[in-house]
Amino acid sequence: MEFEAVIGLEIHIELNCPTKLFCDCPNRPGDEPNRNTCPTCLWFPGAIPRLSQAALEKAALLCLGLGAEIQPRNAFDQKVYYYPDLPKGYQLSQAHLPLARGGGIEITDENGKLKRARIHHVHMEEDVARLVHEIEGRTPISLVDFNRAGVPLVEIVTEPDFSTPHEAIEFLKALRAQVRYVGSSECSMENGTMRVDANISVRPRGASEMNTKVEVKNMNSIRHVGDAIAHEIGRQSASVQAGEAVTLHTRLWDPDKKVTLPMRAKFEGPCIPDPTVPTIELSREWIDDMRSRLPEMPATRAARFVAQYGLSGEEAAFLSSDPDTAGFFEALTAEGIAPRMAMHWLATQLLPAIKERRQELHNAPVTPGRFAALLRMLSQDQINANAAREVLLRLFDGDQPPAAIVDACGFRQVSDPEALGALIDKVVDAEAAAVADLRNGQGKAMGFLIGRVMQASGGKANPKIVRELLGKKLEAIL
Amino acid sequence: MDSPFFYRNPAAPAAPSGPLAGSKIAVQPNLSVAGWPADAGSNALADFKALEDATIVKRLRQAGASLCGATRMSEFGFGLRGSRAGEAIRSQAADAELVLDLMGESRLAAIRAAVCGFKPSYGLVSRLGLIGLIPSMESCGLLAETPATIRELLKAVAGQDCLDFSMPDDEPLDLAPQDIDPPKTTIGVVAEAQSGLTAEQEALFRSSLDQLKQAGFSLLEMSLPEFSLFSLVHRIVGSVEASSSAGRYDSVRYGPRAAGAKNWNEMYLLSRAAAFGPLLKSYLLQGALFQFERYEAYENACRIRARLLRQMQRLASRADCLVFPAVDGAAGGGPPLLADTYGQFAWTLFANVTGQPALYLPPPPDAAHAGLQLAGARLSDGRLLALGEHLVNLHPRGK
Ligand SMILES: [Zn+2]
């Protein structure tokens, strides 16, 4: 029997606002444990949650960026469960009246076909504390760090619109790009600012009813999400094939063994409306104001890049997938750098160099201004590409202008025909054998001769002029 | 007899200044006073000391009042078992007491102590620092000898608190003294609110109404056929809210942890089981049952609550205030049962369901009639207290 998978995703995203969701503590979970706490986020008796306006705005922007419909009336509920990371016994979450409904993202399936993945709803909730397990002497102990307690989260729940790991991965990449665009979160699965649970079921291909689903958690990269889904499809297909029933439960992805393993279920029941956080009433004007704050989104920007700069669809999509990259690219073109050159050097040189140094484009020492100055020297033949690559690496070491580095390293290109002519004469005299090969029709020898001239110039000769002058010289003597 | 105080403030009263200068106020240990033990009458919070002052406490101090201590209270203020509310005033240890009102506790305590008891409108007084149990129904009640004292207290504590976002965006109340002109003042009497009274209680209530008539007020008979549903709605919505919200009082953090557990899960279960008393435990269990097994019943109760609120608003808009029996349906000495507790508060809990203000006035000394329970529309607190003042002044208590 052939099976097909039905996959839905639940994505938790940590918003990057300065404070927590219900108090004024800094939203910096990574600080020294329990530093960013107060009676409210420690959930002390008598404390009252106070909804952060900034968090509500970041969450609303995120929803609007995904095309979701903000609900004019939304509210928080108490999601009751007990676990040591939630000592107050309930989490404030929007179970009945979520912040937004609908929306979706266009993705391409394996065959390159466009497909819309729909969003069911987006709701806000508070994060819980972090448990740290240690050994004290010989006794295992668990410590609770409340820095993360009350950190603002949104949860995006999709429709079960995916049928392959590829589609889920495409969706997550596009989602990450969009959320970064609106500036609501960094969406790093590695750092935990984006967490993904996948609900997976299988059924005979072509069937319409849904089978029992299994929830898979604990993937900490987009690649792991793909791997975990692929494994789970295989596991479920095999057990259905063997006539076993799939039961509703939760499994954890083990990235080392590359398998999913069952976990003990947490007790969870229906939520009741929280009587203390007032219902959130959002006016049409407020929602419109939020919408007006939305930046140009990736798909729109990519289309504009194709039209305005003559880039290919793929190049435009690559550049616009990240707002910093797209912004950097446009800053280069504003400096007069040709779009293709800007695109090429950004993608193949600068971004890898930044990644290697674990830096971020927006605060790297290589600013658009400095990088443009470098590329300008290259396009004006003042340096060659090899030298440009060298200078780029040195731009990371200080704040000198590229021209100063070029001069200090003697990278300035020799384009003077007289000086180059003398070098060419010397090389042609010394390499009689290669000249003879050329005479016998072996074109490869041309490249060899150019290389010798470049070498003789200490790498500084302008290869274009060398090729031109060498051609003329050989024409004369052959 | 042992002291009604759970904790006495060791500090001498501060130099008096402000409208409440010189008055001594007793709170309950569910109101946060920085550094004071705040167990809210429960083992689950046995070791909890408040970190900050509640907004009410801050405002009382700013008005010049001194806090003399915290009186013994029932577990989380639910019912009056173990409560000594009212006794501090009786023994003149305090001029006023703050008493949590979940279903009428402040008014019933006032009946027992023969003082005035007032439950303010929901949302009029900040709940920041109040360790509550039923967030949508609880108010900090005020006990004092006279409505005038209550009015002064309310003036000091009422009004917007920028730290309590749960307070509705109400206009500030006018709590200045008001003149009452009895012939122009209509008092509504809800017929159905008298069902369930014993013959003796009914006779007492009738004589209270006669007193009002003699004082020149015009009484208006009214009907609220669903009055008996208040108790049911309170019981379902209140227990569900309590069960969900009380998760934070788990005894693991502030109370004794149960010994001998094999793992943390068992430790949690055993500690919670040991922390709560039998009455509260059955209330929380009942709430859990409705939340997890009978959710539709909870949803229906919420809907009926909204309907009752509308009906009560309509009645209140037809009169200057409403009068209800003031009955302490005292529970017997047997084991604490939920049914008994709800029976005890059958004539007071309506105001917690609707959020309207309610005032208990004790009868004059040696009077042949019972005290009165007056209630008004939400935020009519000033009017209600003025009426109370008028009635009390008709028969000044020779003190
Ligand atoms: Zn905090």
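These figures come from a predicted structure and were not determined experimentally. The sequence lines fix the lettering, A, B, ..., with proteins before strands; numbering per chain opens at 1.
For B:Leu163, the parts lying under 4.5 angstrom from a heavy atom of chain A are both the backbone and the side chain. Interface remark: B:Ser126 contributes no atoms to any contact with chain A (heavy atom separation under 4.5 Å). Contacts between B:Asn30 and chain A at a heavy-atom distance below 4.5 Å are absent for every atom of the residue. The part of B:Leu130 that comes within reach of chain A is its backbone (N, CA, C, O), which places non-hydrogen atoms under 4.5 angstrom from that chain.
Qualifying ring pair (Phe, Tyr, Trp, His ring centres under 6.0 Å) partners for B:Tyr268, counting only residues two or more places apart in sequence or in other chains: A:Tyr82, B:Trp264.
When each of B:Met167, B:Glu299, B:Arg127 is checked for heavy-atom pairs under 4.5 Å with chain A, B:Arg127 comes out on top. Among A:Pro84, A:Ser142, A:Pro39, A:Ala47, the residue making the largest number of heavy-atom pairs under 4.5 Å with chain B is A:Pro84. The residue among B:Ala38, B:Cys302, B:Ser245 with the most heavy atom pairs within less than 4.5 Å of chain A is B:Ser245. Between chain B and the options A:Gly89, A:Pro278, A:Pro275, A:Pro273, heavy-atom pairs under 4.5 Å are most frequent for A:Pro275. Heavy-atom pairs under 4.5 Å with chain A peak, among B:Ser244, B:Pro135, B:Ser136, at B:Ser244.
Other residues, nucleotides and ligands contribute over 12 non-hydrogen atoms within 6.0 Å of the NZ atom of A:Lys79. At most 12 heavy atoms of other shown residues, nucleotides or ligands fall within 6.0 angstrom of atom CD in B:Glu171.
The CZ atom of B:Arg248 sits 11.5 Å away from the CG atom of A:Leu42 when rounded to the nearest 0.5 Å. Rounding to the nearest 0.5 Å places OG1 of B:Thr55 at 7.5 Å from CD1 of A:Ile48.
What you find for B:Phe165 and A:Pro49 is that their closest heavy atoms are CB-O, 4.4 Å. Considering all non-hydrogen atoms of both residues, B:Arg253 and A:Trp43 come closest at NH1-O, 3.7 Å.
Side-chain atoms of B:Tyr295 come within 3.5 Å of backbone atoms of A:Cys271 as a donor-acceptor pair (strictly under, hydrogens ignored).
Pairs of residues two or more places apart, or lying in two chains, that qualify as salt bridge (charged side-chain N to carboxylate O under 4.0 Å, His left out) and include a residue from residues 45-54 of chain B are B:Asp53-B:Arg61.
Ring centers of A:Phe44 and B:Phe48: under 6.0 Å apart, within the cut-off.
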